[in-house]
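Below is one structure, written out as structure tokens; the observations come after it.
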Amino acid sequence: MSPATTAIYPDGKLFTLMERAMALSAMDNAGLYVIGEDGTFCDGDIAGLPRKFKDAYELTGLRIDPVVASVKERGIPVSTLTLLGPRWYNSQLYNQVSQHFEIEGFATLPIFDASRMRALLFFGAAQSANVKRIGHEGMLELSAVAMKIASEFLALPVQRSNLTNRQAEVAALAADGLSNRQIAQQIGTGEAAVRKHLKALNRTFGTTNRTAMASAFRRRC
């Protein structure tokens with residue numbers, strides 16, 4: 001079985017970086033979502049908004065976000081104002097998520113490492129003055145901030161390791177809450193083998209129990 005490379009960002013580092021992004025930009029909130037090698041989001045955090053928003057955005061918002069779709073497709077900065085204009089207030093994202101947290105608009109900027117898009121940086125606006133700052137002229141200013149944040153993000157220490165396909169399978173099932181017996185039945189092996197895999201996974205992620213390991217596994221990129 002070929003190993004799968006996994007990267008783990010230290011707990012709390014992305015949130016601290018987003019607090020800095022808020023301070024540098026003077027926007028109402030800021031978020032960053034890391035893009036894995038398979039093109040899906042594998043880690044992320046948001047500063048300036050409650051946990052309930054993060055949960056709602058990850059559960060519902062990301063898949064219906066037209067701004068994210070545009071940035072991932074075209075690779076250039078976009079905002080709700082420059083992409084949608086007044087149509088933003090009729091969008092699924094606004095009506096299902098954003099309006100419930102007083103988000104009147106946001107900008108999304110890509111972060112590249114060489115030719116690969118590594119993350120998306122978000123700047124949110126709740127105040128009318130900041131909504132104006134996600135227009136074409138304001139996007140130039142936010143792009144300058146994004147360059148500073150990008151350099152700090154790419155310099156973050158990342159723990160990298162290789163997981164076998166079986167280890168990744170066990171970790172994913174453990175993260176879904178399955179017991180050792182259930183995992184063994186799912187993958188067609190014995191509980192002793194599952195315990196051995198979990199022990200190896202704890203060494204890989206630098207954790208001491210399955211809960212912490214599962215959390216680390218979810219944050220991998």
Side-chain angles (χ1 to χ4, degrees), residues 6-36 38-72 77-81 83-84 88-89 91-111 117-127 130-131 133-134 142 145-146 149-150 152-154 156 158 171-172 174-177 205 207 211-221:
T6 186
I8 308 160
Y9 289 88
D11 199 16
K13 289 293 185 180
L14 293 181
F15 183 81
T16 299
L17 186 59
M18 288 308 91
E19 288 184 317
R20 176 162 166 73
M22 282 181 61
L24 288 174
S25 66
M27 294 295 286
D28 298 307
N29 47 74
L32 185 145
Y33 277 84
V34 184
I35 301 173
D38 63 355
T40 62
F41 294 106
C42 58
D43 199 355
D45 218 333
I46 301 170
L49 285 165
R51 175 74 193 202
K52 285 185 178 180
F53 170 79
K54 185 175 185 291
D55 293 341
Y57 184 68
E58 291 177 358
L59 180 65
T60 304
L62 272 172
R63 61 183 172 80
I64 59 173
D65 190 330
V67 175
V68 163
S70 176
V71 175
K72 291 188 73 174
V78 175
S79 74
T80 52
L81 189 57
L83 180 68
L84 300 173
W88 157 241
Y89 297 103
S91 70
Q92 286 182 294
L93 179 60
Y94 179 76
N95 285 288
Q96 293 184 30
V97 180
S98 300
Q99 71 167 337
H100 302 295
F101 297 91
E102 300 182 347
I103 299 173
E104 296 302 312
F106 62 91
T108 303
L109 303 93
I111 292 177
M117 192 182 298
R118 286 281 306 280
L120 295 184
L121 178 62
F122 298 77
F123 292 108
Q127 304 175 59
N130 279 339
V131 173
R133 294 182 58 215
I134 58 174
L142 291 177
V145 175
I149 296 299
E152 295 181 29
F153 164 70
L154 294 174
L156 284 177
V158 179
D176 286 341
F205 290 112
T207 52
T211 301
M213 182 280 296
S215 177
F217 178 75
R218 293 190 195 99
R219 299 198 309 273
R220 77 203 188 286
C221 293

Backbone N/O of [Y] and side chain of [X]: donor-acceptor pair under 3.5 Å:
X    : Y    : value
H100 : Y94  : no
R133 : L142 : no
D43  : V34  : no
D45  : M18  : no
K72  : G39  : yes

Considering all heavy atoms of both residues, which atom of [X] and which atom of [Y] are nearest to each other, and what is their separation?
X    : Y    : value
F217 : A171 : CD1-CB, 3.5 Å
A150 : I111 : CB-CG2, 3.8 Å
L32  : A119 : CD2-CB, 4.0 Å
L84  : P66  : CD1-CG, 3.8 Å
I46  : F53  : CD1-CE2, 3.5 Å

Enclosure of E102 CD (heavy-atom neighbours >12, cutoff 6.0 Å): no
Within the structure provided, determine whether [X] and [Y] are in side-chain contact (heavy-atom separation under 4.5 Å).
X    : Y    : result
V131 : W88  : no
L93  : T80  : no
K54  : R51  : yes
N130 : F123 : no
D55  : L59  : no
E104 : D28  : no
L17  : F153 : yes
N95  : Q92  : no

Within this structure, what is the [atom1]-[atom2] distance for the pair [X] and [Y], rounded to the nearest 0.5 Å?
X    : Y    : atom1 : atom2 : result
S91  : D65  : OG    : CG    : 8.5 Å
L109 : L120 : CG    : CG    : 9.0 Å
F106 : M27  : CZ    : CE    : 11.0 Å

With under 30° as parallel and over 60° as perpendicular, where do the rings of Y33 and F41 fit, or are they tilted in between? perpendicular
